[in-house]
Structure formats: structure tokens, C-alpha cells
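Taking it in order: structure first as C-alpha cells, then the write-up.
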Amino acid sequence: MNMEPRTLETKAEAALAEAYETMRDALPGGAGVARLRTEAFDAFRATGLPHRRVEEWKYSDLRARLKDVPAFAARRSEADAKAVLASAGEAYASVDRFRLVIVDGHFYPELSDVAGLAGEGVTVRPFAEALAADGEALLDLPVVALADAAVGLNAIFCADGLDLAIADNTKLTKPVEIVHVSGAEAASTAERVLIRAGAKSEAVILQTFVGGVEGTFSNTLTDIRAGKGAGLTVARLQAEAAGTTHIATATLTLAEEAQAKLICAGIGSGFARHQSFVAFDGENARADLLGITMVRDRQHVDQTLVVDHAVPHCESREIFKTVVDDGAKGVFQGKIIVRPHAQKTDGQMMTQSLLLSENADMSLKPELEIFADDVQCAHGATSGQIDEDLLFYLRARGIPEKEARTLLVLAFLSEAVEEINDEIVIEAFEGRIKDWLSTEE
Amino acid sequence: MNEDYPMLEIKNLHARIAEDGTEILRGVNLTVKPGEVHAIMGPNGSGKSTLSYILAGKTDYEVTDGDILYNGESLLELSPDERAAAGMFLAFQYPIEIPGVATMTFLKTALNAQRKARGEDELSTPEFMRRVKEKAADLQITMDMLKRPLNVGFSGGEKKRSEILQMALLEPSLCVLDETDSGLDIDALKVVSDGVNALRSPERSFLVITHYQRLLDHIVPDVVHVLSRGRIVKTGDKDLALELEKNGYADYVGAAA
Ligand SMILES: Nc1ncnc2c1ncn2[C@@H]1O[C@H](COP(=O)(O)OP(=O)(O)OP(=O)(O)O)[C@@H](O)[C@H]1O
Ligand SMILES: [Mg+2]
């Protein structure tokens with residue numbers, strides 16, 4: 001029943017195909033989910049991993065990057081998972097929060113504050129369990145995300161993750177941290193995190209991705225659904241070890257009058273892509289997307305976003321800042337789509353990059369696809385270096401060069417940082433940014 | 001401070017623009033003793049700002065001959081921040097706006113960096129705040145201005161006052177003021193001059209670049225120089241400024257040719 005493998009199949013593609021054949025019977029979900037996985041797998045067999053001739057992936061050639069794909073991680077013992085978690089280093093150690101722990105793609109309720117969240121009106125289930133109980137509706141995604149190859153791969157392989165549902169009118173008293181840790185043996189993961197914020201609920205979710213080793217391949221998907229009038233901040237901090245590969249997809253669907261802020265900080269990994277798909281599903285909603293990317297050495301970090309204004313009277317704001325040092329590469333691709341009947345759409349996208357070395361490389365592709373006539377949309381993209389006159393001014397006041405450069409990089413990022421507008425997140429992100437700047441040789 | 005040397009000794013200084021090699025300074029000689037105020041006047045484009053930038057260590061210019069001695073030692077090999085820590089201060093003709101850098105953060109970073117370079121302890125935040133508030137009040141700078149990013153949205157005159165605030169806080173020993181009076185209204189000129197005069201002391205010297213006699217009524221110089229086409233062509237006492245105000249530079253610029 002399998003399609004003939006393509007002649008030019010890579011080793012990584014063959015490994016993925018083989019992994020599916022081995023795992024398929026054990027993957028969670030009923031017949032509907034299995035059918036969906038099979039369809040996604042057939043599509044993968046037809047097209048393979050995304051590569052530079054696929055327009056959306058032209059700057060981030062995943063097929064070339066993945067020489068091989070390690071086996072998908074099995075579930076560890078609780079003690080083992082605890083040890084992996086302890087070795088990872090925490091971004092929010094000093095913050096009073098509810099913590100949920102995912103190790104190598106598997107959710108560990110025993111290590112998580114499930115009971116505490118239940119007391120606040122939040123239901124948390126392992127995604128495997130949720131999928132078995134509720135079926136393929138949990139895998140629904142915005143249309144703009146459906147054709148993406150990494151999204152397809154996540155659908156094929158997602159074995160666990162978590163399902164977090166915030167009841168209507170619930171205002172969380174503390175932030176929720178979802179920690180994704182990868183262990184010290186190279187493995188593949190494809191967890192799915194579903195966040196459903198009920199009508200008029202309010203929450204701050206901190207998602208951190210840490211750990212991993214050379215060869216780790218994570219293909220995570222976080223599906224955020226903001227209910228009517230919900231107020232949601234999801235701050236994603238991706239800071240894995242240097243040799244890892246991570247495709248981090250986030251989808252965000254906004255119901256009427258929802259306000260959501262999605263923040264993606266890409267600091268770690270050897271090769272990472274944050275792809276965010278935003279869909280407006282009800283009128284008078286607003287989405288703020290903020291991106292902070294810092295890369296050095298031979299890192300490659302891509303921030304790609306598609307914002308789909310499918311209904312009228314919605315607002316979106318995108319501010320993406322990238323700092324590129326050494327021979328690293330940054331990518332920004334941003335597309336705002338305004339559908340024919342989405343009148344009174346207000347969409348503003350801004351991306352700026354700061355190149356700290358001669359060899360630093362940045363690819364920028366902002367796009368507007370507007371099919372409605374009564375809209376306000378704009379985008380701006382710039383790329384530059386540290387301004388020598390500013391540097392001289394600071395140094396003339398006695399600030400040594402390195403410290404002066406640090407101040408100027410922070411100044412460059414400040415616009416995006418200030419827009420976060422949440423003290424806990426700002427402090428954690430600034431801490432990471434300063435660490436990054438101070439480890440510069 | 002070394003009592004045996006003048007504070008600043010500029011000897012036969014030749015300098016050109018690094019990028020295209022255009023010579024701007026063509027043999028400047030100038031000696032400033034501790035406690036003295038020297039004024040430098042001269043036509044537009046004669047090299048006054050260039051001289052101030054070279055003193056501060058800007059790398060857009062190359063010194064091709066001569067030397068700059070500060071307390072008897074050459075400055076030329078020192079970086080701008082090392083010069084600042086050693087007591088050099090340049091109040092810029094055109095102070096720069098730095099969006100994203102909070103004024104307070106900047107002031108504290110600068111002050112503590114200099115203290116650190118001199119082997120002194122960092123100032124505590126309350127002590128730092130006390131000093132800033134006191135000096136800002138003297139210069140009629142509001143706390144609201146200090147809450148903004150550095151110089152961002154400041155009027156021309158506010159920027160100049162902000163430069164003098166930095167100078168008062170950093171307590172340098174050699175203060176180079178490049179047209180600090182331009183853009184100031186009459187009252188602000190008085191405030192700024194009072195601020196400068198409050199800093200005058202036997203251990204602190206000033207090099208005041210200006211086009212107008214009016215500033216020198218407030219900050220009375222010991223010596224006045226005329227710089228023309230990269231050379232000092234005339235040196236006199238404060239009456240020279242009065243004479244220039246009346247007759248212009250015509251009598252002196254010819255001499256530089
Ligand atoms: N970085 C530079 N690049 C090109 N030309 C320069 C540069 N710096 C100075 N110059 C030129 O050198 C000359 C001297 O400039 P400078 O700014 O020192 O004059 P100034 O005496 O301060 O004039 P003003 O009274 O107008 O402020 C001018 O002709 C100026 O255009
Ligand atoms: Mg000038």
C-alpha cells in the first residue's frame with residue numbers, strides 16, 4: 001500500500017519513513033486520527049523534507065540540514081525524566097508559576113503542577129490521552145498551516161504533548177510554564193501542545209525549549225486557540241544546545257474580540273525555524289507577534305510567519321528583531337494575507353536586523369497579499385550595522401567598547417522587548433539576552 | 001595630576017580625514033595649564049570640531065605628525081573610553097540621540113565604568129540618584145527628561161544642557177566644549193554658563209569652542225585663540241574676542257594661507 005519511494009530519497013527521509021512503519025500501530029488516537037496520519041504520511045512520501053526549491057523554505061533547507069534523523073524518543077522513567085529536567089537549567093526558576101514538564105516529547109504529569117492548575121479552572125491532560133479520547137478534532141489547524149511540511153510531519157508522529165484547557169472567565173493568578181527538555185542522547189521528538197483559552201479567560205504562558213545534543217531533531221507544534229474575548233500571552237523561549245535542529249511551529253486562532261500576544265525568542269539550536277501561523281476567526285480581535293532572534297557562530301535561525309486576516313475589523317502587529325554575529329544566518333519571512341471580505345483590517349509588520357560581523361547573513365522577505373480595498377496595511381524591513389557615531393559617543397563617556405556594543409544591541413532590541421509588556425517575561429528574556437551578549441568572546 | 005606638566009600640550013598636530021586623506025589640522029600648537037580657560041574661535045570649517053574629536057579619540061581622523069600630551073603623557077594610543085576615564089570630556093557640538101538607551105542607565109553605566117577604570121568603587125544607586133537629581137536641578141533639567149531615552153526628542157537647547165549635566169556628573173579634569181552655546185536661548189546660556197563656572201577649579205581646565213563673544217562674557221577665558229585652516233593664527237587675551245566680534249576674521253585668515 002505504500003507509494004514507491006522517490007529515487008532521490010535522502011537518508012533522513014528514509015529513516016522517517018521507516019520510523020513511521022515501526023511506530024504507526026502504537027501511535028495514539030482512533031481510526032480518524034490514524035487516517036489523518038496516513039494522509040500526512042502519503043504527502044510526505046510524495047514531497048519529502050522541505051528544501052530550498054519549496055518557496056516557503058527557500059532560505060532554510062531542512063532536507064540539506066538533516067543528514068540523518070535519530071529514532072523517536074521513548075518515554076523515560078519518572079526518575080530519569082526528573083534528572084534530565086534538573087540538568088537543563090531553568091529560565092524562570094525565581095518566578096512563582098505553575099510548571100508543566102515535557103521531556104523528549106512526553107508529558108510528565110507527576111512532575112507537573114496539574115492539581116494546582118485544576119484548582120484555577122485549568123484542565124491538563126497528556127496529549128496522547130486527549131487524542132485517544134477526543135479524536136482528530138484536536139488536530140484541526142488553521143488552513144494557512146495545513147500545507148506546511150513540518151506541520152505534516154508533526155501530525156504523522158505526534159505521540160504525546162499536552163492538552164491545556166482554560167475554562168471560560170478564568171483569570172490565572174500565576175503564569176503557566178511549559179518546559180520542553182531534550183535529553184543528552186540524540187533523539188527525535190514531535191510533541192503537540194494544545195492550548196485552549198476559554199471565553200474571557202486571561203493567562204500568561206511561558207514556553208521554554210532547552211537541552212538536547214548534536215543530532216537532536218525536534219519538530220514541535222503548539223496550537224493556540226484564543227476564545228471569545230480571551231486575553232492571552234504566550235512567550236516562547238527557544239534556547240537549546242548548539243548542535244540541535246528544531247522546527248517550532250505555533251498556530252494561533254483568534255475568536256471574536258480575543259487579544260493574543262505571541263512572542264518567539266530564538267536564541268539556541270544550530271538550526272531552528274519558528275513558524276507562526278495566525279488566523280483571525282472572529283471580528284475585532286488583535287494579535288501581537290514579537291520576535292527576538294540572536295544568532296552567532298554557524299547558527300541558522302528562521303522566523304517565518306503567516307497572518308491570515310480572514311474576517312473584517314481585526315488588527316495585527318508584528319515586530320521582529322534579529323541580531324546576527326560571526327558567520328551565522330538569520331531569516332525573516334512574514335506574510336500578511338487580507339482576504340476579500342476582511343475590510344477594515346489593520347496590519348503592521350516591521351522587521352529589523354543588526355549585523356555584528358562582516359560574515360553575518362540575513363535574508364528578509366516581507367509580503368503583503370491584500371484582496372480587500374478598505375484596509376490599512378504596511379510593512380517595513382531594514383538591515384544595518386552598529387552605528388559608529390553612537391558607539392563613539394558612548395565610549396567618549398568612558399564606556400568600554402564591549403559594554404557600549406552591548407548597550408547598543410539592547411537598544412536595538414528594546415522596541416520588541418518593551419512591547420512584551422509583562423514584567424516576568426521581560427526580565428527572563430533580558431536575562432537571556434544579556435547572557436548571550438556577555439558570552440561573546 | 002602631575003604638577004610639573006601643563007594639563008594639555010598639543011604639539012605641531014597634523015591630522016587628516018582617515019577615509020580620503022584630506023588634511024584638516026596643519027600644525028596646531030596649544031598649551032593649557034591646570035585651572036585655565038582657553039577659548040578657540042575661528043571661521044566655519046577651520047577645524048575646531050576636528051580638533052575636539054581628535055582629543056576625544058575619534059578614529060575618523062589620523063594624526064600624521066605631532067603629539068597630544070595630557071599631564072605629560074601622550075594620549076594618541078589611548079582609546080576614547082580610556083581618555084574619558086583619565087579625565088577628558090567632550091561636550092559635542094551635535095549631541096547624539098540614542099533611542100532604546102535610557103538616560104539614567106547611560107549615566108550610571110558611564111560613571112561606574114570610569115570609576116572602575118580608575119580603581120574606585122561603583123556608586124550605590126541611591127548615591128547616584130542623589131547626585132543626578134542635584135546636578136539636574138542646577139541645570140533646570142526635569143526628571144521627566146531623564147526618564148526618556150538618551151537625548152531622544154530633546155530640543156537643541158535641552159541637548160546642550162544634557163551634555164553639561166554629563167560633564168557635571170563625570171567631573172572630568174579637561175573639559176572641551178564644542179559650541180555649547182549655539183542653540184541656547186539667553187536664559188539657558190546663563191544656566192549653562194553658571195553650570196560651567198561652578199566646575200571651575202585650579203585643577204580643572206577648559207577648552208571652549210565658540211563663535212560668539214557673548215558666551216565669553218559669562219565664562220571668562222584666560223586665553224583666546226583663532227584657528228584658521230587648521231592652524232592657530234592668533235592668540236591673545238579676552239579682548240581678542242571683543243575685537244573679533246567687531247572686525248571679524250578678515251585680519252587673521254589671510255595669515256594662515
Ligand atoms: N569626517 C569628515 N569627513 C569629511 N569631511 C570632514 C570630516 N570631518 C571634518 N571634515 C571637514 O573638515 C573641515 C573642518 O571641519 P570642522 O567640523 O572641524 O570645522 P569647524 O571649525 O568645527 O566648523 P564649524 O564652525 O562650522 O563648526 C570641514 O571642511 C569639514 O567639512
Ligand atoms: Mg564645529
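First the proteins, then the strands, lettered A, B, ... as listed; each starts at 1.
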With a cut-off of 6.0 Å (strictly less than), are more than 12 heavy atoms of other residues, nucleotides or ligands near [atom1] of [X]?
X	atom1	value
A:Gln385	CD	no
B:Arg118	CZ	yes
B:Lys116	NZ	no
A:Glu358	CD	no
A:Glu427	CD	no
B:Glu77	CD	no
A:Glu401	CD	yes

(request) Determine, stepwise, if the pair A:Arg395 / B:Ser79 fulfils side-chain contact (heavy atoms from CB on, under 4.5 Å). (result) CA-CA 8 Å; A:Arg395 296 187 69 194; B:Ser79 67; 3.4 Å; yes

(message) Strictly below 4.0 Å, N to O, side chains only: are A:Asp389 and B:Lys58 in salt-bridge contact?
(response)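 Judged by the 4.0 Å cut-off on N to carboxylate O distance, A:Asp389 and B:Lys58 do form a salt bridge.
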
(message) Taking the basic N atoms (NZ, or NE/NH1/NH2) and the acidic carboxylate oxygens, is any pair closer than 4.0 Å for B:Glu163 and A:Arg397?
(response)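 A salt bridge links B:Glu163 with A:Arg397.
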
Which atoms of [X] are under 4.5 Å from chain A, going by heavy atoms: the side chain, the backbone, both sets, or neither?
X	value
B:Leu150	side chain
B:Ile96	both
B:Glu97	backbone
B:Ala117	neither

(request) Using non-hydrogen atoms and a 4.5 Å limit, figure out which bit of A:Glu403 sits close to chain B: side chain, backbone, both or neither. (result)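 Only the side chain of A:Glu403 comes within 4.5 Å of chain B.
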
(request) Under 4.5 Å heavy-atom distance to chain B, tell me which part of A:Leu413 shows up: side chain, backbone, both or neither. (result)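 For A:Leu413, neither part sits under 4.5 Å from chain B.
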
(request) For A:Phe392 and B:Asp60, run side-chain contact (heavy atoms from CB on, under 4.5 Å): C-alpha distance rounded to whole Å, both residues' side-chain angles, the deciding distance at 0.1 Å, then the answer. (result) CA-CA 10 Å; A:Phe392 175 66; B:Asp60 296 23; over 6 Å; no

(request) Would you sort out whether B:Ile98 and A:Leu394 count as a side-chain contact (heavy atoms from CB on, under 4.5 Å), showing the intermediate values? (result) CA-CA 10 Å; B:Ile98 311 191; A:Leu394 295 175; 3.8 Å; yes

(message) Counting heavy-atom pairs under 4.5 Å with chain A, which one of B:Leu90, B:Val101, B:Leu111 comes out on top?
(response)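 Among B:Leu90, B:Val101, B:Leu111, the one with the most close pairs to chain A is B:Leu90.
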
(message) Quick check for you: among A:Ala411, A:Ala396, A:Ala404, which has the greatest number of heavy-atom pairs under 4.5 Å with chain B?
(response)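 Looking at each of A:Ala411, A:Ala396, A:Ala404 in turn, A:Ala411 comes out on top.
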
(message) The test is side-chain contact (heavy atoms from CB on, under 4.5 Å); show your working for B:Asp81 and A:Ile399 and say whether it passes.
(response) CA-CA 6 Å; B:Asp81 42 292; A:Ile399 303 174; 5.8 Å; no

